[in-house]
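The model shown is predicted, which means the values in this text are computed figures rather than measured ones. Order of the sequence lines fixes the chain letters, A, B, ..., with proteins taken first and strands second; residue numbering starts at 1 for each chain.
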Amino acid sequence: MSIAKKQMNAAPYAEAAAADMVTSRSFWADARGRFLKNRMAVVSVLMLVLLVLFAIFGHTIARWSYEEIDWTILGKVKTEGGPTLANGHFFGVDELGRDLYARVVQGSRTSLLVGFVAGTASVLLGSVIGASAGYFGGRFDQLVMGAYTIWISIPYIIFFVVWKAFFGRSLTQMILVIVLVNWTAGLLIVRGQVMMLKNREFVDAARMLGMSDFTIIFKHLMPNILWVIVIYTSIVIPEIIMMESLVSFLGVGIQEPNTSWGALISEGARTMTFGTLWQLAFPAAFFVVAQVSLYYIGDGLRDALDPKDR
Amino acid sequence: MLNYTLRRLLTVVPTLLVLIVFSFYLMRLAPGGPFTSERPLPPAVMANVLERYGLDEPLHVQLFTYIKNIVLHFDFGPSFSQKDRDVNDVIAQGFPVTLTYGFWSAVFVLACGIPLGIIAALRHNSFWDYSMTGLAIFSQIFPNFVLAPIMVLLFTLSWGLLPGGGWNGGQWEYIIMPAVALGTSYMAGVARLTRGSFLEVMSSPFIRTARAKGLPERTIIIRHALKPALLPTLTYMGPVFVYMITGSVFIDVFFSTGGIGQDFIDGAYSRDYSMLLGLTILYSLLTFTLNLLLDLAYAWIDPKVRSKL
């Protein structure tokens with residue numbers, strides 16, 4: 001045994017090698033490191049966590065419930081309804097004398113829940129359809145693409161209207177209809193990625209091992225494009241929050257007395273001519289903070305995950 | 001090129017047909033109808049009303065009549081909620097309004113977005129570049145339904161510069177706010193995209209060659225860099241037009257412009273089938289047309305695409 005070999009077998013070397021094994025980093029660990037170095041993204045994550053905490057626990061310090069009408073203020077909203085600590089209306093009251101703080105908490109809850117649940121669900125749905133279309137190709141692909149072209153040219157508000165007439169406008173139903181409307185989210189990009197990957201050797205190998213199409217799509221292809229899906233989800237979530245807000249603004253959103261950022265902004269915009277500006281300012285501020293944070297998080301994720309940028 | 005255009009136009013027909021059938025059944029499946037109200041009509045009256053509008057016939061017969069009337073007479077049927085108008089009247093009155101500020105909005109998006117993107121790219125990492133990024137973020141977080149109230153608050157309520165709504169025959173004061181509110185976030189998107197692709201193009205070999213030939217920078221930018229740099233922007237405009245069309249519904253409602261968006265929402269509330277369907281077809285036709293124009297523009301700019309047509 002040569003000296004060099006002996007040295008290689010020596011305990012310190014083995015230890016170093018073991019340490020190296022432990023610290024050798026996966027793609028995701030790498031990405032996490034890159035994301036954490038992005039200061040704006042980290043701050044945004046903190047802001048978002050604060051918002052979520054506010055939505056979950058905010059009601060505990062509210063002195064009014066979100067549907068209770070403060071009769072002592074009703075009729076004097078303009079002069080006495082402003083934000084103050086004295087009577088427990090931290091953000092003032094809305095047009096009907098309801099506590100705006102409690103309503104903003106409730107609205108944040110709705111908007112965030114709808115955004116995250118519906119956003120993730122739609123991208124997953126779209127990705128599965130897109131991956132299948134890209135993988136199988138042929139007739140199925142043509143069918144999906146045809147449906148896609150038709151779908152995106154229908155003004156989506158019509159679905160909210162029909163759904164409302166059919167089933168109502170509870171939170172679950174809002175999420176369901178948003179997922180249905182957005183089944184095309186991520187479809188094109190995932191389809192393209194799968195079409196690119198499906199001719200690679202590892203897919204051939206999997207096929208030769210006799211794996212089913214299902215296994216190949218979900219075990220071999222999907223993990224390879226997970227980064228695309230993650231980036232896309234981070235773009236879709238703020239868009240969904242915006243969509244929910246827009247349909248609430250137009251009056252086909254969530255049912256009163258439940259509310260959302262969009263519904264609150266719309267009420268505030270209607271009453272701003274009377275000088276009750278806080279009714280627009282507070283919901284809009286929360287909306288904007290959420291959008292800014294989500295924007296930077298999406299940006300950070302793109303920088304961290306996109307292999308082209310490295 | 002002509003061949004391609006014709007082929008594209010032909011695919012519009014089956015697509016529209018599928019769309020009509022789908023929306024028709026979707027609307028009819030929902031419970032209630034244009035004449036259900038809190039105080040129900042006597043059955044005899046109801047039957048008469050339904051017969052008057054042909055709503056008592058089986059669904060597929062109604063659908064067939066509807067399509068036949070459109071094809072033969074270009075007639076989108078009567079409005080169920082606005083008694084003395086039919087859908088054609090509503091479109092004739094409202095569509096020019098929506099189209100007018102929509103057009104100016106698109107002009108605003110392109111005429112501001114592209115130059116801003118180019119300036120930011122040419123002055124890379126300068127003050128201009130950073131303020132452009134700031135603008136892009138700003139517009140992302142102030143979508144039209146937040147921007148519009150704020151603009152009204154500033155320009156109408158505080159400074160009294162512009163009217164806060166209405167149309168008044170389309171005078172320019174009435175067009176500015178709808179157009180800007182509709183377009184701002186897309187304008188920033190265009191600027192950001194143009195900046196990115198311009199940076200990429202400016203560092204490519206053929207620009208270096210042009211520089212080596214001693215061409216003046218202006219010629220390089222306008223004659224050589226502009227066309228390839230605009231390709232990604234053009235592809236982006238497709239979805240943007242779709243979003244702008246949806247956004248126009250909001251703009252119509254918020255600024256009371258009298259455009260078709262208001263009728264669309266009203267029709268949705270009063271379950272005005274023919275109104276909803278007619279406007280859906282109109283919105284979709286608009287989408288198809290704009291996308292076709294974009295594809296043609298794409299072929300015009302990119303010789304690689306042109307040769308494949």
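Taking 4.5 Å as the limit, every side-chain heavy atom of B:Phe142 sits out of range of all side-chain heavy atoms of A:Gln291.
Contacts between B:Leu153 and chain A at a heavy-atom distance below 4.5 Å involve backbone atoms as well as side-chain atoms.
In this structure, B:Phe145 and A:Leu246 approach most closely via the heavy-atom pair CD2-CD1, 3.7 Å.
Per-residue heavy-atom pair counts under 4.5 Å with chain B were compared for A:Gly268, A:Pro283, A:Ser245, and the maximum is reached by A:Ser245.
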